[in-house]
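Contents: one structure, followed by commentary.
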Amino acid sequence: MKLIRRPKGMNDILPETIEKWYYLEDQFRKICTEYAYSEIRTPILEYTNLFVRGIGETTDVVQKEMFNIEQKTVDGNKRDEILTLKPEGTAAVIRAYLENSLYSNSQPTKLFYNTPCFRYEKPQKGRLREFHQFGVEVLSSKSPYTDAEVIALVYDFFVRVGVSEHIRLNINSIGTFESRKEYQEQLKNYFFPHYESLCADCKERFEKNPMRLLDCKVESCKKIAVNAPLITDFLDTESKAHFEELKEYLSIMNIPFTVDPYIVRGLDYYVNTAFEFTTDKLGSQATVCGGGRYDGLVEQLGGNPTPGIGFGLGIERLILLMDAVNVDFPKHNPLQLFIVALGRDAKGKAARIISSLRQSGISAELDHIDRSIKAQMKYADKMNARYTAIIGESELLENKILLKNMSTSEQNEMKLSDFIETFRQIIEDGAVGGE
């Protein structure tokens, strides 16, 4: 019978890899807590209109990449509402912020999340149809300091996990919706003579969202865009002041950055600050983290005008980067005890010991498939057990147990009746036989 395989562009996270995820999740949660952010979890499915209104109808995400699901009633008939597997984290957080009246709490609201996201696109290294994001959102503050703090949180996170030397921060200001109007007209004037040479996507963007012309990854379009007008030359006074203050704060925080006037971000809700953390270690998938300010998004989704800023950080890409630059992930705590039991009575005694130790928070295991003593010892070694203990028929009769330190090979014989308390003390002290 033919094997059923995983869907294209979706990965299994296997036991030998999951410890990397545990480590990064722990570090991200820790740094967000230190920055006074609270965790939020939103559903994987949201109504499609949330993303159409929030992300923007002209974006590639909405037009091409969303996984949509038609709802059915109990009798099997289709309903009008369409659900979508979440393609990004921000819109869902804003929906939860409004629906649960988080705006009535003390402000600003500072939230972080770890979520799966789904986009229908061509799978390749660093680009999947199911991927995972760390993200933060800060609502009700329009201060440039808030922008700097959000960026600082990411930068500090990269320092902690050992990739800051391989990451580059690029920032830009894309102004307000009002200040962009003249700029978009100038862009259309610039690109119009090259219209026939643009890719099909850019021809569509030309009318609907000309700033997206600068974001195209097609080489021919990138060459055309090289001499295009720059948004930084069209900023209004307020946007210029905001950007200058952001740069001052980043300098105060000793965070290196480069101004890149071609950063426009791929979603329609961004205004003023836009930023990306990129690397040259992952080929074409250079962006590890991207974010920016979205002061009109809350209003666009039915709330009162509320400033906001946030970012999304790709976990799979971060792991790829860490592997590419040979960052050592911390080793997981090994199994603390493996009991080699010979015979049914010995296995029963081992089961009681293991049950008691596990209830004390000590990891312990025994053989499940009736291996020989040699095979059990080999299996304990493969499981990286810190200690092994041997119980056979003679040990039961003589009330003794042999404990072996697997790293030093030192062995100690002790009373079987006292073993549970003795081993608890060994683990608590963290040493036995000079370990």
Side-chain angles (χ1 to χ4, degrees), residues 12-31 33-34 39 114 160-162 319 322-323 326-435:
D12 300 310
I13 303 173
L14 302 177
E16 57 264 31
T17 305
I18 196 67
E19 290 177 9
K20 297 179 180 181
W21 290 73
Y22 289 159
Y23 168 68
L24 292 174
E25 288 165 356
D26 287 346
Q27 290 299 312
F28 187 70
R29 186 177 296 108
K30 185 172 185 290
I31 199 166
T33 302
E34 292 168 2
E39 186 172 7
N114 172 9
R160 292 193 187 186
V161 300
I319 291 174
M322 294 175 73
D323 288 340
N326 299 314
V327 173
D328 288 328
F329 285 85
K331 299 296 183 184
H332 177 66
N333 289 331
L335 179 68
Q336 291 169 313
L337 176 67
F338 186 94
I339 298 182
V340 176
L342 303 173
R344 183 170 180 175
D345 290 341
K347 192 166 185 176
K349 184 68 173 179
R352 189 179 75 80
I353 292 171
I354 283 176
S355 178
S356 180
L357 292 175
R358 286 172 174 171
Q359 290 168 17
S360 301
I362 295 171
S363 57
E365 177 65 301
L366 56 73
D367 179 45
H368 287 248
I369 55 176
D370 298 325
R371 293 178 174 89
S372 67
I373 183 170
K374 183 178 179 180
Q376 287 189 53
M377 292 297 292
K378 188 178 290 187
Y379 181 62
D381 188 53
K382 189 174 289 186
M383 292 187 72
N384 296 314
R386 197 173 159 200
Y387 297 95
T388 57
I390 300 174
I391 308 174
E393 296 301 329
S394 62
E395 283 79 12
L396 285 176
L397 291 172
E398 298 171 23
N399 188 33
K400 66 181 182 181
I401 187 169
L402 186 66
L403 183 68
K404 181 180 179 180
N405 183 318
M406 297 294 281
S407 61
T408 66
S409 296
E410 182 177 354
Q411 300 183 97
N412 291 279
E413 191 174 274
M414 55 192 66
K415 285 185 177 182
L416 181 56
S417 55
D418 297 336
F419 179 74
I420 294 174
E421 288 305 318
T422 303
F423 192 74
R424 283 178 183 152
Q425 193 61 51
I426 288 170
I427 295 302
E428 185 177 322
D429 293 344
V432 64
E435 184 192 8

Can you tell whether the side chains of [X] and [Y] come within less than 4.0 Å, N to carboxylate O?
{"X": "Asp323", "Y": "Lys20", "result": "yes"}
{"X": "Arg344", "Y": "Asp370", "result": "no"}
{"X": "Asp381", "Y": "Lys378", "result": "no"}

Which residues pass the side chain to side chain contact (heavy atoms under 4.5 Å, CB included) test with [X], sequence neighbours left out?
{"X": "Gln27", "answer": "Tyr23, Phe157, Arg160, Val161"}
{"X": "Asn326", "answer": "none"}
{"X": "Asn399", "answer": "Lys415, Leu416, Ser417"}
{"X": "Arg352", "answer": "Lys349, Ile420"}

Residue list, side-chain hydrogen bond (donor to acceptor under 3.5 Å, both in side chains) with [X], at least two apart or on another chain:
{"X": "Glu421", "result": "Arg424"}
{"X": "Ser355", "result": "Gln359"}
{"X": "Lys30", "result": "Glu34"}
{"X": "Glu25", "result": "Asn114"}

- Message: Measuring from atom OG of Ser363 to atom CD1 of Ile427, what distance do you get when rounded to the nearest 0.5 angstrom?
- Response: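 Ser363 atom OG to Ile427 atom CD1 measures 7.5 Å (nearest 0.5 Å).
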
Closer than 3.5 angstrom, by distance alone: can the side chain of [X] be matched with the main-chain N or O of [Y] as a donor-acceptor pair?
{"X": "Thr408", "Y": "Glu410", "value": "yes"}
{"X": "Asp367", "Y": "Arg371", "value": "yes"}
{"X": "Asn405", "Y": "Ser407", "value": "yes"}

- Task: Mind listing the closest non-hydrogen atom pair of Ile401 and Ala389 along with its distance?
- Result: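 In terms of heavy atoms, the two residues are closest at CD1-CB, 3.6 Å.
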
- Task: For residues Thr388 and Leu337, report the shortest heavy-atom separation together with the two atoms involved.
- Result: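 So the two residues come closest at C-CD1, 4.1 Å.
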
- Under the side chain to side chain contact (heavy atoms under 4.5 Å, CB included) rule, what do Leu335 and Arg386 come out as? Steps first, then yes or no, please. CA-CA 6 Å; Leu335 179 68; Arg386 197 173 159 200; over 6 Å; no

- Query: According to the ring-ring contact (aromatic ring centres under 6.0 Å, His included) rule, which pairs have a member within residues 344-383, sequence neighbours left out?
  - Reply: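 Only Phe338-Tyr379 qualify under ring-ring contact (aromatic ring centres under 6.0 Å, His included).
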
- Return the set of residues passing salt bridge (Lys or Arg N to Asp or Glu O under 4.0 Å) with Asp345 (not counting sequence neighbours), or none when no residue passes.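 Applying salt bridge (Lys or Arg N to Asp or Glu O under 4.0 Å) to Asp345 gives none.
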
- According to the salt bridge (Lys or Arg N to Asp or Glu O under 4.0 Å) rule, which pairs have a member within residues 393-408, sequence neighbours left out?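 Sorted pair list: Glu398-Lys400, Lys400-Glu413.
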
- Which residues pass the ring pair (Phe, Tyr, Trp, His ring centres under 6.0 Å) test with Phe423, sequence neighbours left out?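 In terms of ring pair (Phe, Tyr, Trp, His ring centres under 6.0 Å), with neighbours along the sequence ignored, Phe423 is linked to Tyr387, Phe419.
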
